[in-house]
Every structure is written in structure tokens, then in C-alpha cells.
Amino acid sequence: MSHHLSEQEIVRRESLQKIREMGIDPYPAAMFEVTAHAADIKAQYEEEILEDGTKNRKNFQDIAIAGRIMAQREAGKAMFMNIQDSTGQIQIYLRGEEVNAAAGRDDFFAVLVKKYLDIGDFVGIKGYAFKTKTGEISVHVKAFTLLSKSLRPLPIVKKDAEGNVYDAFTDPELRYRQRYVDLTVNPQYREIFVKRSKIISTMRRIFDDKGWMEVETPILQPIHGGAAARPFKTHHNTLDMPLYLRIANELYLKRLIVAGFDGVYEFGKMFRNEGMDRTHNPEFTALEFYIAYKDYNWMMTTTEEILEKVAIAVNGDTKVQIGENVVDFKGPYERLSIFGAIEKYTGIDVSNMDEEALRGVCRQFHIEVDATMGKGKLIDELFGEKAEPNLIQPTFITDYPVEMSPLTKKHRSKEGLVERFELFVNCKEVANAYSELNDPIDQRERFEDQLRLAERGDDEAMAMDEDFLRSLEYGMPPTSGIGIGIDRLTMMMTNQTSIQEVLFFPQMKAEKA
RNA sequence: GAUCUUGUAGCUCAGCCGGUAGAGCAUUUGACUUUUAAUCAAAGGGUCUCGGGUUCGAAUCCCGACAAGAUCACCA
């Protein structure tokens, strides 16, 4: 990608050349040993004023820090810079005579530092911490090293004493396309990704403590099973066969339960070739885990335990601000059957209605229906339209109609329903779990029902997976499994309304050359 | 996929009813040895997203394309 160089880029390239002509390597190979970080110095530096008026500096007196120049303030033969490392920014103070002496040349400060260094350059500093006249904890530079020259001007975001931000780098397109710039100049967005990482590491720790095993299952699958969605299709040249990027990993994880593992989990990327908007990216991360000898009641309790711990790990509290609402992840959560939820928010008991009666109820609420919709789909529409918008606090919706859940075990006591729950938070689904169907004959019939739905025109119906059925025929213990959308969970835990804000590199259309 | 909005300097933005392109920061030159949105003085920087059209004349009005955002529909 070549582009027309701007004035500032030309100047920086010329500076680069001049630096080389000075005999200074702008991209030195040698490591620079860092011994301190900005945040620690600012948090822990201590000094006292002695009786004779001199300062006694107690710590950080022989340190090396490294980072990017984020601001330069020249003051004659001295200079201040703000240096940003991974922990934040700290001010440094340079005196010309000192850095010249350290470098062993007269032109180091006046020429290299003042003329050829720019905002964005990486530098290494050796020196000692002190407080300036105005009380700012800073690093007094004794030796200064250029570590990497920057050739493009970084957006300059300034903040005044009241915390007002000026010239913020805010264009969402630029922020997503050049995330490296966004994360450099907008520290508030770094925080989201730190929290995302914490969500995943907290969960992983819980699972490992419980003795479950982290596994990896195929992303390239010959049959795209386990969910209802349009896949990405690709082709393997040597095998000369079509392959699909997985839309789910459920059927593989269950094969591992068949294989005799008690508990398996996978944090995995899923790929769905569907619309994109502020809650959908073509690739997204799901956590799934499957635990033998458990049922969906146990899974609800376990989900409460996990989310409670995650919320505390991320925000220090089970209560999380999401938009205008405060959501409390402290369990136990409300449990409502899907029919109960519909009745609660419409006043109508639809639990014994047939397809035609349901279609009538949908029409009554001005919900669009068509001939391809089976009973399950109609109930789902009704629920989505009338009940879902009310589910702000974490709520388990349970006991879905069998038509909607081809991989779920039939309910132990309620005819026509399955042992499934979905967890709703802030009116959005964040988890989907079952008592897993392990009756191979029933499972085959469910797949056959799906085939009939497909023939009727339902393009989301699930495909038959003979190998999965074969594994069930060998026998799978009673098992409960769950899938949790990590991106959406992160959106909630960080109070973001767009999925792009919780993905480092959201999918974008090709940039114009 | 539909509708609406946006696209001007490296960044953030003005630019009215069509009349030779503006500001702040950044950049360049100079001054300044504790500044902090540093300050002071001066200077340079533009294919106004792209392509058409209307017009004597278009950043501005019209049409189309591209990209992004918001809302809606579908999916997680």
C-alpha cells in the first residue's frame, strides 16, 4: 500500500536520514533493559524535604524506562517529554548538558533530541525519579537512547487540567482500521481489552480449578452442525473436498464426552456468513463447555457462579452499569419457563395452543408470520417480541418447545418441551444451555424433523450428522452443556453497545487503495 | 438488505443563499534551563472521498459509486 507522502512524513524521513548521518542507529538491535514503569513510579515514588531544604529522594533513583514520546515541551536548553509505556504516561526532564555528556557529543540535545525526534518515537531513558517545582513526579534523564523512529504523525490528543479532552481521535472508521493508533492514543479503549482478557482468564481459572479440560476441536468441518446459520465455505485442495468454517463446535465437544472426558471446554472462534451490525461480526468467540452426569438445573447454578465471579474480577462488584440500567450478576437469577414468560408479559397462556392458534396470537400482536414458520418458530417470535425486551436483570428462560431445540433432551416431566435454558441479560441472550440429548434414536428423529423443516423452506434447519449419531450410539453419559457468547458478555461487562468496541480488529470492507 | 446521516490539512472541525480554501493542535524556523492543552514570534501544508451533471463559475446544488456511522429487518 503506497501513498502520497504528506509534508510531515517527508520531514520524518529526512530526520531519519539525518539521524543515520549522525552515526546513530534509528532502529538499534540491542535490547534495552527496562527496570521501571510509569504507573509504578507515579504511584510509589517518595521523597521528603530535609531541614536544610534539600530533597531526600527515597526510591526509583537508578531506573530505566522505555516507551513512546507522546508530548514534547521545549524550554531552551532543557526539555520535557511525556513518555507512554504499557502502564501509562510519565513526564521526563532532559537537560542538554547532561544528555550530551552521556552521549559523548555536543550535538546530541540540540540536534538529535530537539530537531530529529518526534512524537511517536520509542525511546529508552536512564535516570532518577523526582518531583518538579509544580509537584509532578517525573524522571530526570541522565542518558537517552532512541529505540525506534516513527515515520507517521500520531494524532495528538490533549487533555487540560480539568480533564477536558481536545482533538480526540474519534473517527470510528479510522479507529477500527488503525486499531494500533486508537490503542496508542485512546487509553480508555485499552481498558476494554484488558477486561475482555480478564473475563476469559477468570473463566479459564474456574474451569481448571474444577478439573475440566481445555480442548480444541476442528474449525474446518465437512458438515456445519450444531447451530442454525449460513456458513463460510472453502475448499481443501489436496483432499479435493468442500469444507466449512464452523458455525458451532457443539457436536465435537459432545463426541469428547462420549470418549470419556468428564468435562471439556473450548474458547473458540465461530464463523457465520450473515449480516453485520453492532452486535454481529462474521467471526465471534464462544465459550462452550460440556460436563458429564449433570443436567440443566445444575448448569443454571454453575452459570450464576461463573458470571458472579467474572463480574467481580472485571468490575470489582456483581453490579454492572449497562446503559441506563444497573445489572446485578449476583445469583440466584429469576427462572421463567418460556411459556411462563410469554404469559407474564402478554397475559396469554399459549402452552397448549396448536400452530394455527399461535399464528393467530402473533397476528393479534402484529408480529409478521409466514407459512414456513413451525410451532417453535412462532413461539420464539412471540417471546422475542413481547417478553425479551423486559429481561434486564439476568433471567433464565427455560423449557423450550422441542421443535426449537433439536439437540436437547426431552423434558423429564413436561410433554412437548425440552430441558433447555437461555440466559438473558439486558434484553440480550448471552448463554444457551441444555440437558444434552443422548438418546441416539431420538436424536436421529430430531435430525429428520430438521430435514422436513428444510424441505418446507427453513434455510436454518440443521443438517444430519451421521458420525455424530454413530458416536451417540456408542453411548454418551447424561451431560449438560452451555455456550456463552464472549463478545456479548464483554459488551455487557464493559458497558459497550457495539461489538466492534470489544474486538481488536472488527471486520471491515476493503480499504480503498 | 432498507432508510437516514456523514466524508474538507497528519488529527479534530468551521466553511451561510454557488463567487480564487479556513481555525486549533501537529509540522518547519527562531527565542526560552522545572514546563505540563507550555508560552512567544514567523512560515509552510489541500486531487474538499471518487466519477458524472447543472452553471460564466461547484467543497457548496443534482445524479451515481465507494467507505463509515445510526436506526430497522435477520442471526449469536
Open item on the list: Heavy-atom nearest nucleotide on RNA chain B for A:Gly76 versus A:Leu117: which residue maps closer to 5'?
Closed with: A:Leu117
- [ ] Could you tell me the separation between the CG atom of A:Asn426 and the P atom of B:rA76, rounded to a whole number of Å?
- [x] 18 Å
Task: Nearest-angstrom distance, C1' atom, B:rG52 to B:rU5 - done: 23 Å
- [ ] Tell me which nucleotide among B:rA67, B:rC74, B:rA37 gets nearest to the side chain of A:Glu173.
- [x] B:rA67
TODO: Please work out if A:Glu422 contacts a base, only the sugar-phosphate, or nothing of the nucleic acid, heavy-atom cut-off 4.0 Å.
DONE: nothing
Open item on the list: Base, sugar-phosphate or nothing for A:Arg278? Non-hydrogen atoms, less than 4.0 Å.
Closed with: sugar-phosphate
TODO: Indicate, with a heavy-atom threshold strictly under 4.0 Å, whether A:Asn164 touches base, sugar-phosphate, or nothing.
DONE: nothing
TODO: Name the nucleic acid region contacted by A:Lys158, choosing base, sugar-phosphate or nothing; use a 4.0 angstrom heavy-atom cut-off, strictly under.
DONE: sugar-phosphate
Open item on the list: Taking the ring of A:Phe383 and the ring of A:Phe424, is the distance between their centroids below 6.0 Å?
Closed with: yes
- [ ] Would you mind telling me which of B:rG69, B:rU28, B:rC72 lies closest to the side-chain atoms of A:Val11?
- [x] B:rU28
TODO: Specify the separation, in whole Å, of atom CD of A:Gln178 and atom P of B:rC11.
DONE: 8 Å
TODO: Would you indicate what A:Leu154 reaches in the nucleic acid, counting non-hydrogen atoms under 4.0 angstrom: base, sugar-phosphate, or nothing?
DONE: nothing
Open item on the list: As a test of reading the structure: which of B:rU33, B:rA68, B:rU27 is closest to the side chain of A:Lys509, going by heavy atoms?
Closed with: B:rA68
Open item on the list: Suppose you measure atom P in B:rA42 against the same atom in B:rA21; what distance do you get, rounded to whole Å?
Closed with: 24 Å
Open item on the list: Checking contacts here: which listed nucleotide (B:rC11, B:rU35, B:rA76) is nearest the side-chain heavy atoms of A:Glu429?
Closed with: B:rA76
TODO: Starting from P on B:rU34, measure out to CD on A:Glu98 and report it in whole angstrom.
DONE: 13 Å
- [ ] Between B:rA9 and B:rU27, how far apart are the C1' atoms? Round to whole Å, please.
- [x] 11 Å
Task: B:rG22 versus B:rA14 - spacing of their C1' atoms, nearest Å - done: 7 Å
Open item on the list: Heavy atoms only, 4.0 Å cut-off, all strands: where does A:Lys55 land among base, sugar-phosphate and nothing?
Closed with: nothing
TODO: Go through B:rA67, B:rU33, B:rU27 for me and flag the one nearest to the A:Arg95 side chain.
DONE: B:rU33
Open item on the list: Say we look at B:rG10 and B:rA65: how far apart would their C1' atoms be, to the nearest angstrom?
Closed with: 27 Å
TODO: Report the nucleotide, chosen from B:rA37, B:rG44, B:rU12, that has the shortest atom-to-atom distance to any side-chain atom of A:Asp160.
DONE: B:rA37
Task: Between B:rG46 and B:rG30 - C1' atom distance, rounded Å - done: 27 Å
- [ ] Using atom CD1 of A:Ile499 as one end and atom P of B:rA76 as the other, report the distance to the nearest whole Å.
- [x] 13 Å
- [ ] Rounded off to whole Å, could you give me the CZ-to-C1' distance for the A:Arg12 and B:rU28 pair?
- [x] 13 Å
Open item on the list: Measure NZ/A:Lys114 against P/B:rU35 and give the value in whole Å, please.
Closed with: 16 Å
Task: Minimum-distance nucleotide (side-chain atoms of A:Met508 versus B:rU33, B:rU28, B:rA68) - done: B:rA68
TODO: Hey, can you tell me if A:Tyr93 and A:Phe130 have their rings parallel, tilted or perpendicular (30° and 60° cut-offs)?
DONE: tilted
TODO: Starting from the C-alpha separation in whole Å, work towards a yes-or-no answer on ring pair (Phe, Tyr, Trp, His ring centres under 6.0 Å) for A:Tyr244 and A:Phe232.
DONE: CA-CA 6 Å; A:Tyr244 301 92; A:Phe232 288 92; over 10 Å; no
Task: RNA chain B: 5'-proximal contact among A:Asp487 and A:Asp118 (nearest heavy atom) - done: A:Asp118
Open item on the list: Using the six-membered base ring of B:rA76, report whether A:Phe284 stacks on it, requiring centroids under 5.5 Å and planes under 30° apart.
Closed with: yes
Task: Criterion side-chain hydrogen bond (donor to acceptor under 3.5 Å, both in side chains) on A:Gln89 and A:Gln84, from CA distance to verdict - done: CA-CA 4 Å; A:Gln89 292 192 12; A:Gln84 177 169 286; 3.0 Å; yes
TODO: Counting Watson-Crick and G-U wobble pairs only, both distances under 3.5 Å, name the nucleotide matched with B:rA37, or none.
DONE: none
- [ ] Would you check if A:Phe80 stacks with the base of B:rA38, given a 5.5 Å centroid limit and a 30° plane limit, both strict?
- [x] no
- [ ] Measure from the side-chain heavy atoms of A:Pro155 and tell me the nearest of B:rA76, B:rC11, B:rU33.
- [x] B:rC11
TODO: Answer with base, sugar-phosphate or nothing: what part of the nucleic acid does A:Asn186 contact at a heavy-atom distance below 4.0 Å?
DONE: nothing
Open item on the list: Between the side chains of A:Arg246 and A:Glu266, is the shortest nitrogen-to-carboxylate-oxygen separation below 4.0 Å, so that they form an ion pair?
Closed with: yes
Open item on the list: Of the options B:rG69, B:rA26, B:rU12, whose atoms approach the side-chain atoms of A:Ile119 most closely?
Closed with: B:rA26
TODO: Determine the interatomic distance between P on B:rC50 and the same-named atom on B:rA67; round to the nearest Å.
DONE: 15 Å
TODO: Take atom OH of A:Tyr176 and atom C1' of B:rA68, then tell me their distance rounded to the nearest Å.
DONE: 10 Å
Open item on the list: So that I know where these two stand, are A:Phe289 and A:Phe207 an aromatic pair - ring centroids less than 6.0 Å apart?
Closed with: yes
Open item on the list: Work out how far the P atom of B:rU55 is from that of B:rA41, and round it to whole angstrom.
Closed with: 49 Å
- [ ] Using Watson-Crick or G-U wobble geometry with both distances below 3.5 Å, tell me the partner of B:rC66, or none.
- [x] B:rG7
Task: Cation-pi geometry met for A:Arg420 and A:Tyr434 (6.0 Å, 45°) - done: no
Task: Rounded distance in Å - CD (A:Glu136) to P (B:rU34) - done: 15 Å
Open item on the list: Measuring centre to centre across the rings, with the benzene-like ring taken for any Trp, is A:Phe60 within less than 6.0 Å of A:Tyr45?
Closed with: no
- [ ] Would you mind calling B:rC17 syn or anti? Take O4'-C1'-N9-C4 for purines or O4'-C1'-N1-C2 for pyrimidines, and syn is within 90° of 0.
- [x] syn
- [ ] Cation-pi check, A:Arg175 to A:Tyr189: give yes when NZ or CZ is under 6.0 Å from the six-membered ring centre and within 45° of the ring axis, no otherwise.
- [x] yes
Open item on the list: Heavy atoms from C-beta onward define the side chain here; which of B:rA26, B:rU35, B:rU34 lies closest to that of A:Tyr93?
Closed with: B:rU34
Open item on the list: Applying a 4.0 Å non-hydrogen cut-off, can you work out what A:Lys115 is touching in the nucleic acid: base, sugar-phosphate, or nothing?
Closed with: sugar-phosphate
